[in-house]
There are 2 protein chains.
Amino acid sequence: MAHDRIKGNLDLLLLAALAAGPAHGYELAASIRERSDGEFVLAEGTVYPALHGLESRGLITSSWHVVGGRRRRVYELSGAGRDARDRQAADWRRFASGMNRVLGASS
Amino acid sequence: MAHDRIKGNLDLLLLAALAAGPAHGYELAASIRERSDGEFVLAEGTVYPALHGLESRGLITSSWHVVGGRRRRVYELSGAGRDARDRQAADWRRFASGMNRVLGASS
DNA sequence: GGCCATACCTAGGAATTCTAGGCATGGCAG
DNA sequence: CTGCCATGCCTAGAATTCCTAGGTATGGCC
């Protein structure tokens, strides 16, 4: 809804947001929304399945906590997750610079 | 194949490439490949349906030509296409800057 | 004559995200 | 003390988008 362009970048967004420290799903969505100045508003139905996928691939780990009577599943980057983030961030930069070259060449 | 990140950006790539002047499908794929330094390698099965979609939305127009015994369908940006390109390019810049904010905030 | 580059096309698959729903707790306003 | 909203988690299936895989046809080169 925010942007179809999120396709292919969701994992990177989550990994990058988690690089700032452990967080739970609901919090991650808010964090990404704030950091992007409201540009990326991720629905919960988007965030949770994506987190499950990242965990099943070993890029993040989770643990349950109870805070104020509410259960939370807190996620944390694994070593492989940090590597994946670095790789995907590099991919993103290459992609963005390709886009800018194609866009700029039109003048 | 080049990048899943192309999702959502294909139309803009084609519109931007066409902004340099009329071109046919095969040529556009090559043009985008070159301008992006090999970053975006679009399959024909990607390019042609996308062009048909752009035409059906009135963003480009086409005309058949025969050059050297080979038929070509040459596409050209319409006025609405130029507007769409400007809008989508602006969207892209907002998106990219959102990405960079989220990525950069992790340090 | 065979092969490759050029040039177009489409149907269906694959991958990804979103919609729409569901469940549960705590706190606050009324 | 009762709604109601924010917090917090989840899933199934729809929707969207691009790619795979296949097909057709011409011209030029060896």
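Owing to the predicted nature of the structure, the values given are computational and were not obtained by experimental measurement. The chains referred to below are lettered A, B, ... by the order of the sequence lines, with proteins before strands, and numbering in each begins at 1.
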Checking side-chain contact (heavy atoms from CB on, under 4.5 Å) against B:R5, which of A:Q88, A:R94, A:K7 comes through?
->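 Checked A:Q88, A:R94, A:K7 against B:R5; only one passes side-chain contact (heavy atoms from CB on, under 4.5 Å): A:Q88.
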Describe, as an angle rounded to 10 degrees, how the axis at the first end of the helix from C:dG1-D:dC30 to C:dG30-D:dC1 is tilted relative to the axis at the last end, five pairs per end.
->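 Roughly 10° between the end axes, to the nearest 10°.
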Atom pairs, N/O to N/O, protein against nucleotides 1-3 of chain D, distance under 3.5 Å?
none

Side chains of A:L42 and A:L10 in contact at under 4.5 Å (non-hydrogen atoms) =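 Yes; the side chains approach each other to less than 4.5 Å.
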Is the shortest heavy-atom distance from the side chain of A:L28 to the side chain of A:L51 under 4.5 Å?
->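 The answer is yes; the side chains approach within 4.5 Å.
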Return the value, rounded to whole Å, for the distance between atom [atom1] of [X] and atom [atom2] of [N].
| X | N | atom1 | atom2 | result |
| --- | --- | --- | --- | --- |
| B:L51 | D:dT17 | CG | P | 16 Å |
| B:L12 | D:dT17 | CG | C1' | 15 Å |
| A:L10 | C:dC18 | CG | P | 7 Å |
| B:H24 | C:dT6 | NE2 | C1' | 8 Å |

Looking at residues 54-74 of chain A, who's got a heavy atom less than 4.0 Å off DNA chain D?
->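 Those residues are A:W64, A:R70, A:R71, A:R72, A:R73.
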If you round to the nearest 0.5 Å, how far is CG of B:L13 from CG of A:L103?
->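 If I round to the nearest 0.5 Å, the distance is 7.0 Å.
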Take B:Y26 and A:K7, find for each the nucleotide of DNA chain C with the closest heavy atom, and name the residue whose nucleotide sits nearer the 5' end.
->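 Result of the comparison: B:Y26.
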Could you verify whether a donor N or O on one side chain and an acceptor N or O on the other, from B:R101 and B:S97, lie under 3.5 Å apart?
->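 Yes - a donor-acceptor pair under 3.5 Å links their side chains.
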Passing candidate, side chain to side chain donor-acceptor pair (under 3.5 Å) with A:S62, options A:E55, A:R72, A:H52 =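 When side chain to side chain donor-acceptor pair (under 3.5 Å) is applied between A:S62 and each of A:E55, A:R72, A:H52, only A:E55 qualifies.
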Output every pair passing ring-ring contact (aromatic ring centres under 6.0 Å, His included) with a member in residues 8-28 of chain B, not counting sequence neighbours, ordered by first then second residue.
->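 Applying ring-ring contact (aromatic ring centres under 6.0 Å, His included) to every pair that reaches into residues 8-28 of chain B, excluding sequence neighbours, yields nothing.
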What protein N or O atoms touch nucleotides 10-12 of chain C N or O atoms at under 3.5 angstrom, if any, and at what distances?
from   : atom 1 : to    : atom 2 : distance (Å)
C:dT10 : OP2    : B:H52 : ND1    : 3.2

Heavy-atom closest contact (B:A29 atom, B:V47 atom, distance) |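 Heavy atoms of B:A29 and B:V47 come nearest at CB-CG2, 4.0 Å.
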With sequence neighbours left out, what residues match A:R70 under side-chain contact (heavy atoms from CB on, under 4.5 Å)?
->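 Checked A:R70 against side-chain contact (heavy atoms from CB on, under 4.5 Å); zero matches.
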